[in-house]
Amino acid sequence: MEIYFELINDAEGIRKVYDALIGEEFLGFDTETTELDPYEGNIRLVQLSNGRSTFVVDLKPFAEKGDLRTAPELALLREILNAPKPIKIAHNAKFDAKWVRHHLGVDVNGLFDTLLASQLIAAGDQDRRHNLAEVANFFLGIEVDKTEQVSDWSAPELSTAQIQYAAKDAVIMIGLREKIVERLRQDELIRVAKLEFDSVAPLAAMELNGFYLDAGRWREQLEKVKKEQTRIAAELQQMLSAGVAQASLFGVAEINLDSQQQVMDALVNLGVPVPASTRGWQLEPLALEYPVIAKLLEYRGVAKSISSFGENILEFIKPQTGRLHSDFRQIGAPTGRFSSSKPNIQQIPHEEAYRRCFRAPDGRKLVIADYSQIELRILAEFSGDENFIEAFKSGADFHTITAAQVFGVAPENVSSEQRSFAKRLNFGVVYGIGASRFALMTGLSQKQAEDTMRRYFSTYRGLDAWLRDAARRVVNEKTARTASGRLLKFRFDDQDRSAVGAAQRNAKNFPIQGTSADILKRALCLLHKAIDGTSARLVNIVHDEIILECDAAEAEESCRKLEKAMCDAAEEYVKKVPVKVDAHVADEWTK
DNA sequence: GTGAAGGGCCAC
DNA sequence: AAACGTGGCCCTTCAC
């Protein structure tokens with residue numbers, strides 16, 4: 001493909017780009033950078049194309065004159081990127097948005113992301129890949145050569161091949177969007193696509209902001225856990241080797257406590273009736289009778305803490321900022337939930353000892369807000385169950401109220417056991433829990449568990465009907481949707497009963513978990529606008545929780561803005577049920 | 001040595 | 001046969 005493009009490297013050229021493109025509806029947009037991380041390299045090229053004219057802006061000459069964020073010659077380029085129109089079409093726009101925000105000092109607004117769109121269209125098919133080459137091939141049937149992608153973008157003079165490659169990536173976006181939009185329309189994914197695209201700028205900002213971790217506190221905590229581990233490991237070692245004490249003249253071979261095989265063998269030697277798996281929940285019932293099991297579970301706890309939440313996390317602190325900058329995948333799960341890695345900041349233990357290490361730097365505050373029971377409120381909304389909705393409207397402790405309704409007693413007479421049953425069922429229904437599992441986790445007999453569940457569902461008939469309907473529908477339609485229209489296509493063998501069962505549990509869970517993700521994303525969009533120009537920065541999200549960091553003086557105001565953004569977002573989707581957000585200002589990531 | 005798979009466990 | 005949904009990370013084991 002021979003393409004026409006112009007290389008731009010002065011103020012006059014920028015004016016030309018602006019005049020040629022500002023009136024367009026859509027622009028292909030791409031950047032080339034010297035590194036993958038905006039804190040470690042420079043942005044070299046910005047490419048913009050309307051499909052006929054393509055401009056490759058070389059930022060090097062501008063950077064040599066001063067700060068790209070304030071350079072007046074780049075004002076018009078910043079305006080094109082910052083304005084909601086033209087729509088900028090990019091593949092993995094978060095990447096480009098981060099570079100532009102960090103090095104050019106503006107948010108990229110009006111984005112269309114072909115990667116996110118491709119993920120939405122794939123509708124949960126985990127086998128599909130979504131890199132540009134695959135997506136271009138899938139939607140346009142063309143081969144895209146990515147060999148220049150990793151070339152040296154810091155060279156004083158870029159080669160013709162490099163510039164051509166750069167230009168081409170922007171050009172193909174125009175045709176790619178057309179094909180993709182067609183599919184988004186067919187599959188009724190326009191609304192969720194807009195939601196995803198609008199979430200890119202907030203997410204890019206959050207990754208740049210990072211989350212502050214007090215490394216000193218973390219090390220102190222780690223030392224304590226290490227000491228504990230040494231002690232517990234020695235105790236466990238001794239208890240396990242009791243069964244093979246006479247095995248060797250030279251003493252007992254060390255058992256690798258992290259090896260399930262070796263631990264299992266040792267347990268068998270001790271005469272412990274080991275279950276098929278040594279998973280915690282299977283061992284839990286044995287812990288009372290066999291002290292060695294209790295010790296094993298104790299060991300597992302500290303071992304997990306040290307391996308997953310030990311020194312490793314400190315290596316992710318970026319020297320340039322002194323903060324953690326995790327990678328977030330915007331559609332990390334088919335439900336639309338985010339996933340996070342390097343490090344996974346969404347799985348930090350809830351214990352205060354860990355959470356207090358994440359704190360506001362001096363002079364700043366954290367603002368922490370989470371949705372109260374958002375998934376159950378969504379379930380109430382979807383099912384329209386009057387009793388379930390009433391339990392929320394009462395405003396009292398939800399699990400107590402549901403226990404009162406289910407067991408037919410006054411709320412003040414609900415026993416702690418009854419509340420616990422109700423609580424476990426409230427959480428369980430969202431996942432499609434069965435009586436066996438409920439029995440296992442409560443200690444009830446199978447019969448008692450079945451009776452309790454029957455009672456629960458006869459109290460909440462609407463809820464029961466909705467769940468049954470979801471299970472019935474998936475068998476016929478093999479699809480499910482969230483409130484924003486996010487789609488999941490099921491692929492299972494109708495003859496395989498366990499596959500059908502899994503799909504049915506999934507069909508119950510997907511709309512609920514997915515709508516919760518929709519709501520969080522909508523909240524991010526509203527919040528991003530609400531805190532623009534203030535000291536507040538988005539620093540972390542954990543499924544139903546949003547954390548800001550701001551100047552101490554602005555904490556209360558930020559807190560109100562956060563609470564409002566979250567409530568407003570949820571109320572776009574949840575209308576029959578009150579929405580509750582718990583928000584507070586804190587110095588540490590604790591309640 | 002490297003990488004994939006399986007088991008286990010942290011979060012919501 | 002499985003029995004509760006979504007992720008990522010660490011460890012062991014095993015194949016190459």
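Per chain, numbering begins at 1; letters A, B, ... match sequence-line order.
In this structure, of C:dC14, C:dA3, C:dG8, it is C:dA3 that holds the atom nearest to the side chain of A:S436. Side chain of A:R329, nearest nucleotide from C:dC4, C:dG8, B:dA11: C:dG8. For A:P334, counting side-chain heavy atoms from C-beta on, the closest listed nucleotide (B:dC12, B:dA11, C:dT6) is C:dT6. Side-chain atoms of A:H350 lie closest to B:dC12 of the nucleotides B:dC12, C:dC4, C:dT6.
Among the atoms of the strands shown, base atoms are found under 4.0 Å from some heavy atom of A:R337. Within the nucleic acid shown, A:I348 comes within 4.0 Å of sugar-phosphate atoms alone, with no base atom in reach, counting heavy atoms only. Residue-level contact check: A:R497 touches neither bases nor backbone, having no heavy atom under 4.0 Å from any strand. At a threshold of 4.0 angstrom between heavy atoms, the contacts of A:S516 with the nucleic acid are absent. Residue contacts for A:Q446: at a heavy-atom cut-off of 4.0 Å it reaches no nucleic acid atom on any strand shown. Within 4.0 Å of A:V430, counting heavy atoms only, lies no atom of the nucleic acid at all. Here A:K342 lies in heavy-atom contact (under 4.0 Å) with sugar-phosphate atoms only. Among the heavy atoms of the strands lying under 4.0 Å from A:N312 are primed sugar atoms or P, OP1, OP2 only; no base atom is included. Heavy atoms of A:R424 sit nowhere under 4.0 angstrom from any nucleic acid atom. Here A:G434 lies in heavy-atom contact (under 4.0 Å) with sugar-phosphate atoms only.
Taking 4.0 Å as the cut-off between side-chain N and carboxylate O, A:E207 and A:K318 do not count as a salt-bridged pair. Between A:R455 and A:D451 there is no salt bridge, since no side-chain N of the basic residue sits under 4.0 Å from a carboxylate O of the acidic one. Taking the charged nitrogens against the carboxylate oxygens, A:R461 and A:D464 have no contact shorter than 4.0 Å, which rules out a salt bridge. Ion pairing between a basic and an acidic side chain is recognised when a charged N comes within 4.0 Å of a carboxylate O; A:K226 and A:E311 show such pairing.
The nearest whole Å value for the distance from the CD atom in A:E311 to the P atom in C:dC10 is 13 Å. Put simply, CZ on A:F492 is 16 Å from C1' on C:dG5, counting in whole angstrom units. Distance A:L488 CG to C:dG5 P: 13 Å, rounded to the nearest Å. In this structure, A:L520 atom CG and C:dT6 atom C1' are separated by 14 Å, rounded to whole Å. For A:I255 and C:dT12, the CD1 to P distance is 14 Å, given to the nearest whole Å. As a whole-Å value, the separation of A:Q373 CD from B:dC12 C1' is 12 Å. We find that CE of A:M264 is positioned 14 Å from C1' of C:dT12, with the value rounded to whole Å. Between the CD atom of A:Q513 and the P atom of B:dA11 there is a distance of 16 Å, given to the nearest Å.
Ring geometry for A:F421 versus A:F407: interplanar angle of 30 to 60°, hence tilted. By the 30° and 60° cut-offs, the orientation of the rings of A:F211 relative to A:W589 is perpendicular.
In this model, the phosphate group of C:dA2 is not approached by any side-chain N or O of A:R437 to a distance below 4.0 Å at OP1 or OP2. The phosphate of C:dC4 (OP1 or OP2) has no side-chain N or O of A:N506 nearer than 4.0 angstrom. Checking the phosphate oxygens (OP1, OP2) of C:dT6, no side-chain nitrogen or oxygen of A:N509 falls inside 4.0 Å. Applying the 4.0 Å criterion to OP1 and OP2 of C:dG7, one finds that A:Q126 has a side-chain N or O inside that range. OP1 or OP2 of C:dC4 has not a single side-chain nitrogen or oxygen of A:R505 nearer than 4.0 Å.
The gap from the P atom of B:dA5 to that of C:dC4 amounts to 26 Å, rounded to the nearest Å. For the P atoms, the distance from B:dG7 to C:dA2 is 11 Å, rounded to whole Å.
A residue-by-residue look at A:S339 and A:F427 shows that A:F427 has its nearest nucleotide of DNA chain C further toward the 5' end.
Between A:H399 and A:Q373, the side chains place a donor N or O and an acceptor N or O closer than 3.5 Å (distance only, hydrogens not considered).
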